Each structure stands twice: as C-alpha cells, then as structure tokens.
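What follows is a single structure, written as structure tokens, with notes after it.
Everything quoted here is computed from the prediction, not taken from an experiment.
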Number of protein chains: 2
Amino acid sequence: MVERLDLTFAALADPTRRAMLASLALGERSVGELAAPHAMSFAGAAKHVGVLERAGLVERRKAGRQQLCRLKAERLREADEWLRQWERFWLSTLDRLEAIIVEDQAKLK
Amino acid sequence: MVERLDLTFAALADPTRRAMLASLALGERSVGELAAPHAMSFAGAAKHVGVLERAGLVERRKAGRQQLCRLKAERLREADEWLRQWERFWLSTLDRLEAIIVEDQAKLK
DNA sequence: ACAATATAAAACCATATGGTTGAACGACTC
DNA sequence: GAGTCGTTCAACCATATGGTTTTATATTGT
C-alpha cells in the first residue's frame, strides 16, 4: 500500500496526467483522444498514459486498432483516504485564519 | 494553482516525506527529530524536509540552534479538494463492486 | 576561548523522468 | 495486397531526484 501511494501521488504530480484523468471523467477515451489536446508528440503523451496505467488509475482495453482507456477510481480513493488524515488540521480555526491571510496577501500582488 | 498541485503531489510521492508529515501531525519537530527515524544520512533527510518546505507543506522557524518545523495543512486541503472531484466515481456501485473483486483476488494470492 | 551540537551547503553519483525521433506492427479500408 | 491509422517500442537526450560525503556556520555549554 505504501508503494501504491508512491505511484498514485507521483502519477498525479503532473498537469498533463491530471488533465487526462479529467478527460476520462467524462467517459472512455482512446489513447489518441487523450493525447490530442497536449502540445507534445504522440509518443510523449502515450508515455503519460502508461504512467497512469502502471499507477492503476486507468484501465485499457483493445477495441479494434484503438486502445480505449477507462478511469479506475479506487487508487484515487486510497489517496484521498490518506489525505483526510489531516482534515482536522485544515479545519482548525487557526489554520483557516492563516489561509485567509495568505489569500489576502496573494490578492495584494 | 496548477504548479502548486504539482509540488504538493510530488512531495507526497515519497514514503520518507509522508512519514515526516505523520510525525509533524503530533506537533512541532526539529529537523533532527524528523530525520532521526529514517535510515539515511542526516543531510539526505534534511533534503526531504526542504522538499516539504518548498511544497508549502511545512513551515520552519528558528529556535536557537534548532530549526522547528510545523505542519501547514492548506496545501493538503487543496490536494484533497482536487481528489474529491472523483468522489462520485469511487462511490459508484460499479466501482465498489470492482474494488471488492480486486481485494478478493489479492487475498487469494 | 573551546568543544560539541544542529543545521546548511556544496560537490558528486546513480537512476528516474519527461521529452524527442524513428522504426515496427496489428487492424481496418480500398 | 497496399496503404493508412492507432499505437507500441527502442534509442537517445537533458534535467530532476534521492542519495552520499565533506565542509562550513551558527549556537550552546563548559
């Protein structure tokens, strides 16, 4: 499970891959469809799909010459479960006050 | 915000750093205290603390010759918020059924 | 003043990551 | 059967990451 979290968080630490997941939230997508919106070579994008698959966030099935990908939420749930350990911290009044201050400072820039 | 999620998830993708956060959940810790439990050089562990700090998950303050670290939950909350976009997927009956099957198969090994 | 402590900083190494190009391959179309 | 489409694979490159050791710098205790 520890290594699973490693893979999951590492897979999520890239905007291209997060965008692909967002696309998969709307339904199955072929590798080509997942790759298209991204400004990089097809092979590069396909590697990202591979990372998502190896992390268990995506499942592939052959459909003719296409390869259809489907979201697998289970690992996302595990990651979320881990994160919620700290819920009490971000819910604490002190932390919320601090967050507000940080936001205000950001707006001033 | 996109780059923030990059940093947050990347910081979480390492068991040493997750363990450090768990330690910080119990209260402030010096860099040395954070480093001690891990089977690596002090400098190596201190680098991990640096990663956590740069990701905004940890705050440092000087206290004599020590450097006390405190958990900052705000970025964890942001990561959690992002993950919960997919909550409906892992709550869906189909996905839950699949999860149960996967677990059963794991138990058979 | 001196030694010990806590940490930072620099240089280095091996491996991983994110990207590229080009070749190969199976599956459809004609 | 030939070409095209969707995809994989291999080789390569630059940079990032996770670790090491050594050196340096405050701070504290004696």
Inset, instruction - For Ala45(A) and for Gly64(A), locate the closest nucleotide of DNA chain C by heavy-atom distance; then report the residue assigned to the nucleotide nearer the 5' terminus. - result: Ala45(A)
Inset, instruction - Taking only heavy atoms on the protein side, list every residue of residues 21-41 of chain A lying under 4.0 Å from any atom of DNA chain D, sorted numerically. - result: Ser30(A), Val31(A), Gly32(A)
Legend entry - Separation of atom CZ in Arg61(B) from atom C1' in dA6(C), rounded to whole Å: 15 Å
Inset, instruction - Whole angstrom is fine here: how far is it from CZ in Phe42(B) over to P in dG18(D)? - result: 18 Å
Inset, instruction - Please answer whether the main-chain N or O of Ala63(A) pairs with a side-chain N or O of Gln66(A) as donor and acceptor at a distance below 3.5 Å. - result: no
Legend entry - Nearest listed nucleotide, side chain of Lys47(B), among dG19(D), dT29(C), dT28(D): dG19(D)
Inset, instruction - Drop me the distance from Arg17(B)'s CZ to His48(B)'s NE2, to the nearest 0.5 angstrom. - result: 6.0 Å
Legend entry - d(CZ, Arg54(B); C1', dA16(D)) in whole Å: 12 Å
Legend entry - Between dT25(D) (C1') and Gln67(B) (CD): distance, integer Å: 13 Å
Inset, instruction - Could you give me the CA-CA distance, side-chain angles and deciding distance for Glu87(A) and Arg84(A), then say whether salt bridge (Lys or Arg N to Asp or Glu O under 4.0 Å) is met? - result: CA-CA 5 Å; Glu87(A) 193 169 26; Arg84(A) 288 204 208 183; 5.2 Å; no
Inset, instruction - Go through the steps to decide whether Arg70(B) and Glu28(B) satisfy the test salt bridge (Lys or Arg N to Asp or Glu O under 4.0 Å), and finish with yes or no. - result: CA-CA 5 Å; Arg70(B) 203 182 115 247; Glu28(B) 279 192 333; 5.4 Å; no
Legend entry - Rounded distance in Å - CG (Leu52(B)) to P (dT17(D)): 13 Å
Inset, instruction - Take the protein atom CZ of Arg17(B) and the nucleotide atom C1' of dG19(D), then report the distance between them rounded to whole Å. - result: 12 Å
Inset, instruction - Assign the ring pair Phe9(A) / Phe9(B) to parallel, tilted or perpendicular, where the plane angle (0 to 90°) is split at 30° and 60°. - result: parallel
Legend entry - Donor-acceptor under 3.5 Å (Arg60(B) side chain, Leu68(B) main chain): no
Inset, instruction - Please confirm whether the backbone N or O of Val58(B) pairs with a side-chain atom of Arg75(B), one donor and one acceptor, at under 3.5 Å? - result: no
Legend entry - Below 4.0 Å: OP1/OP2 of dT27(D) and any side-chain N or O of Lys62(B): yes
Inset, instruction - Output yes when at least one side-chain N/O atom of His48(B) is less than 4.0 Å from OP1 or OP2 of dT17(D), else no. - result: no
Inset, instruction - Ignoring the backbone of Arg65(A), work out which of dA26(D), dG19(D), dT29(C) is nearest its side chain. - result: dT29(C)
Inset, instruction - State which of dG19(C), dC5(D), dA8(C) makes the closest approach to the side chain of Arg60(B). - result: dA8(C)
Inset, instruction - Compare the minimum distances between each of dT8(D), dG18(D), dA6(C) and the side chain of Gln66(B), then state the nucleotide with the smallest one. - result: dA6(C)
Inset, instruction - Write down the distance between CD (Glu53(B)) and P (dT7(C)), rounded to a whole number of angstrom. - result: 13 Å
Inset, instruction - Have a look at Ala43(A) and say if it touches a base, only the backbone sugar-phosphate, or nothing, with a 4.0 Å heavy-atom cut-off. - result: base
Legend entry - Spacing between Asp6(B) atom CG and dT17(D) atom P, to the nearest angstrom: 11 Å
